[in-house]
Protein chains: 2
Amino acid sequence: MQSETIENYLKTIYHISGGNASIVNNKQLADKLGVIPATVTEAVKKLHELKLVIYEKSYGTRLTAAGSKMALSIVRRHRIWETYLEKELGFGWDEVHEIAEELEHIKNDKLIKKLSEKLGHPNFDPHGDPIPDEKGKIQKSNFIKLSEARPKKNYKIMGVTDHSSAFLKYLEKHQLIIGASLSIKTIEQFDHSIVLFCKNKEVSISPKATECIIVQEA
Amino acid sequence: MQSETIENYLKTIYHISGGNASIVNNKQLADKLGVIPATVTEAVKKLHELKLVIYEKSYGTRLTAAGSKMALSIVRRHRIWETYLEKELGFGWDEVHEIAEELEHIKNDKLIKKLSEKLGHPNFDPHGDPIPDEKGKIQKSNFIKLSEARPKKNYKIMGVTDHSSAFLKYLEKHQLIIGASLSIKTIEQFDHSIVLFCKNKEVSISPKATECIIVQEA
DNA sequence: TTATTAATTTTGGCTTACCAAAAAATTAAT
DNA sequence: ATTAATTTTTTGGTAAGCCAAAATTAATAA
Ligand SMILES: [Mn+2]
Ligand SMILES: [Mn+2]
Ligand SMILES: [Mn+2]
Ligand SMILES: [Mn+2]
């Protein structure tokens, strides 16, 4: 199995399982990876052989300790590159994901070390996602989704879970960028859309969007 | 044919042909690419189909205009990355080639543009090799191999043609780095080894090494 | 000009990573 | 408890990129 393929599988398993090595099924993997489930079946069998996952037939797949370690290292590379592209090379936060998707596969520990160093060892990428350290440790946080926020309270935007250019541009338009402060005015009970104040303007955010914005109570 | 494979073939054809689209044979390609000639035969047939080379059976292969353009763009990416790794990230000139060998395949014009910009649009890489511009144009120079230098004259080291870590470390040991001035003391007629002065020290350089050092008359 | 050597191509085969379609198993709905 | 829908696996097949060995062609030496 080619290294880049392995890495994309491990990373995707990691992301779907939410970082806690919980079980992932073929359909989800197939969808995220853009292949059909039959292809996933073959792949996870091989990853099992490599002892990077535990694959139980007709049930699902989860990362082993070794697989988890590899996944974390790929996630680290991805997020370091995203941060570097934004901070050092002046790319927009909506542009970096796609490029990092390729750069993440360049395996040279010294390279990542130098990039991280130059950035002052950042803990979060431009989307607010935590960057695992060399050992794979991720900084804990009390972030919640905006959809879980309570009325009247104040929050700070810490990240996003949708990295698409369309979504990020939409956020920028409303000045809903990382670090911005906001307060919840009301939450519509019938459709869960949220009306909030940000930069002295009132904005109504759809439930789909509130699911993709990560905040921290201020 | 996968893009990375195509790129490595085109780049290698370009290098062997010395940049003038002259004919290249299978054996040379096979050696440089680390495959057997049979594999090259198959590959050049496909590249011919793609109109990137002209392949004439049992005779040889040369780049078309399109192939040449692609090759130049890969060479540009490679050398920009090498320069960036050395100048911005502090890698040694003996370390950058290997990493650039991977980075060169990331195709994002804006990325290369930003790197080049940050470096002030350099014309030469850490080994003294010219960096083609966005249009593929290469700066002309009057560089010669040290093996072609004349006694008594003074020269400046402009580059190397062997990028191996072993060779570059050997040069550093004798302070024969890019930009260094030297004068030729004598040239041994029987084996063509060269005795030269550099940094007030006399060094004898083997013919194999003089073939790999590029100089300019001072 | 033969004979020998070297380079090239052909043929047959392998592995990886994918897909399509059919079969089997699981899960959800009635 | 059946039926229907969904997910998963199996089976058969493809294209890319490689190799080994045999056959061909070209180049070199005798
Ligand atoms: Mn990837
Ligand atoms: Mn990110
Ligand atoms: Mn390469
Ligand atoms: Mn170079």
Side-chain angles (χ1 to χ4, degrees), chain A residues 1-18 22-63 67 70-71 74 101-102 104-107, chain B residues 1-18 22-63 67 70-71 74 101-102 104-107:
Chain A
M1 240 179 153
Q2 213 179 318
S3 149
E4 192 164 327
T5 309
I6 293 181
E7 293 190 343
N8 282 332
Y9 270 92
L10 293 180
K11 194 183 63 163
T12 307
I13 295 168
Y14 175 85
H15 280 137
I16 295 174
S17 70
S22 58
I23 220 94
V24 164
N25 58 266
N26 287 357
K27 180 72 171 28
Q28 296 172 299
L29 272 174
D31 289 347
K32 282 251 167 146
L33 287 163
V35 297
I36 66 170
T39 303
V40 173
T41 303
E42 285 179 335
V44 293
K45 276 181 187 172
K46 286 178 204 155
L47 290 172
H48 185 105
E49 287 302 308
L50 294 170
K51 298 194 189 303
L52 294 169
V53 306
I54 291 161
Y55 156 65
E56 287 173 88
K57 196 167 152 172
S58 285
Y59 172 59
T61 305
R62 64 182 196 279
L63 294 171
M70 263 191 81
I74 301 150
E101 207 56 52
E102 293 188 58
E104 71 188 2
H105 299 292
I106 281 138
K107 275 170 301 306
Chain B
M1 239 178 153
Q2 212 180 316
S3 147
E4 192 164 327
T5 309
I6 293 181
E7 294 191 341
N8 282 331
Y9 271 92
L10 293 179
K11 195 184 62 163
T12 307
I13 294 169
Y14 175 84
H15 280 137
I16 295 175
S17 69
S22 58
I23 219 91
V24 164
N25 57 266
N26 286 357
K27 179 71 171 28
Q28 295 170 300
L29 273 173
D31 288 347
K32 281 252 168 145
L33 288 163
V35 297
I36 67 170
T39 304
V40 173
T41 303
E42 284 178 337
V44 292
K45 276 181 186 171
K46 286 179 202 157
L47 291 172
H48 185 105
E49 287 302 306
L50 294 170
K51 298 193 190 301
L52 295 169
V53 305
I54 291 162
Y55 156 64
E56 287 174 88
K57 196 166 150 174
S58 284
Y59 173 59
T61 304
R62 64 181 195 279
L63 293 172
M70 263 192 80
I74 301 151
E101 207 55 51
E102 292 187 59
E104 70 187 2
H105 300 293
I106 281 137
K107 273 169 304 306

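A note on names: the letters A, B, ... follow the listed sequences, proteins ahead of strands, and every chain is numbered from 1. Remember, predicted model here, so these are calculated numbers, not experimental data.
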What does the B/S/- profile of nucleotides 2-16 of chain C look like, 5' to 3', with a 4.0 Å heavy-atom cutoff to protein? -----SSBB-----S

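- Side chain of K51(A) to backbone of E49(A): no donor-acceptor contact under 3.5 angstrom is found.
- Under the 4.5 Å side-chain criterion, counting only non-hydrogen atoms from C-beta, I6(A) is in contact with L52(A).
- Between D31(A) atom CG and dC18(C) atom P the separation is 15 Å, expressed in whole Å.
- The distance between atom CD1 of I6(B) and atom C1' of dC18(D), rounded to the nearest whole Å, is 16 Å.
- The CG-P distance, from L33(A) to dT8(D), rounds to 14 Å in whole Å.
- Between the side chain of S22(B) and the main chain of S17(B), a donor-acceptor pair closer than 3.5 Å is present.
- Taking all atoms of both residues into account, the shortest heavy-atom contact from H48(A) to Y55(A) is ND1-N, 2.8 Å.
- The closest side-chain heavy-atom distance from K11(A) to E101(A) is below 4.5 Å.
- Nucleotide dA21(C) holds its P atom 10 Å from the CD1 atom of I36(A), rounded to whole Å.
- In this structure, L29(B) and V44(B) have side chains that are in contact, with non-hydrogen atoms separated by less than 4.5 Å.
- Side-chain contact between Y9(A) and V35(A): present, with at least one pair of heavy atoms (C-beta onward) separated by less than 4.5 Å.
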Can you give me the dot-bracket string for DNA chain C, 5' to 3', counting Watson-Crick and G-U wobble pairs with both distances under 3.5 Å, using [ ] for crossing pairs and | for partners on another strand? ||||||||||||||||||||||||||||||

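- Between the side chain of K107(A) and the backbone N or O of H105(A) there is at least one donor-acceptor pair closer than 3.5 Å.
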